[in-house]
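Remarks on the structure that follows.
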Amino acid sequence: MIRYIAKPPHIIREKFPGFIWESPEGIIFTIDDGPSVELTNMLLKKFSDHKIKAMFFLLGKRVRVNPSLVKEIYSEGHLVCNHTFNHLALPLLSVEEAEKEIRRTDNLIESIISVKPSFFRPPYGLFDIRTPKILKKCELKNVMWSLLSLDYRGNINQVKKVISSYLRSNSIIVFHDNAKSAKILEEAIDFTLEIILKSNFIIGDPGKCFLK
Ligand SMILES: [Zn+2]
């Protein structure tokens, strides 16, 4: 089982060259674990106000109860991506179970927006040597990250410290549309936008960067 915290070590990146580890152009915003009635609309408004296109890695179990939010995410021009159905750690599942978790989510999303997701992110960022083959079979590209905002720890000062220290012009940054980050998510995103502005970074469009 492979695990890392804020920044993925080089040795892992070299072992899995088929995965996306950073942005070819501009900072990419990625949001995991949604959709939620509590936060998704705030995120959509924020991204619309700042003309940002993001990647939303959605959980099938939450898609099932919030299909209208999935339609909104899609109609706002964001990429609707797969984050499995139940958020289980892939290395603990059999190949068949892992494939089921992924296909079930793909099928549900496709039934709502009529488009099959092209991108995937594993729960907890956990994968193993079987993962590339499973994803190839499911026609999904794995998008990791180069900066974990640590928003799920719920401590805004820690998030600010991580972002001001590690945000780069080609970062793929991850935030969470879930209860753990709820209290600080908006401030975390506002702070990131401030740093981007101050540093003269640009924000990338994931559709243009990755959909080819
Ligand atoms: Zn997750």
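Just so you know, ligand 1 is whichever comes first in the structure, and atom 1 is the first atom listed for that ligand.
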Whether His83 and His87 hold their rings parallel, tilted or perpendicular, with breakpoints at 30° and 60°: perpendicular
Just say parallel, tilted or perpendicular for the rings of Phe127 and Phe19, cut-offs at 30° and 60°. perpendicular
Please name the atom of His83, restricted to N, O or S, that is closest to the Zn ion (ligand 1). NE2
Given the rule in the salt bridge (charged side-chain N to carboxylate O under 4.0 Å, His left out) test, do Glu139 and Lys116 qualify, once you have shown the distances and angles that lead to the verdict? CA-CA 9 Å; Glu139 297 176 314; Lys116 182 204 170 304; 5.1 Å; no
Closer than 2.8 Å to the Zn ion (ligand 1), do we get an N, O or S atom from Asp33, backbone or side chain? yes
Please determine if the Zn ion (ligand 1) has an N/O/S atom from His87 lying under 2.8 Å away. yes
Taking all non-hydrogen atoms of both residues into account, name the closest pair between Gly77 and Lys53 and its distance. O-CD, 3.4 Å
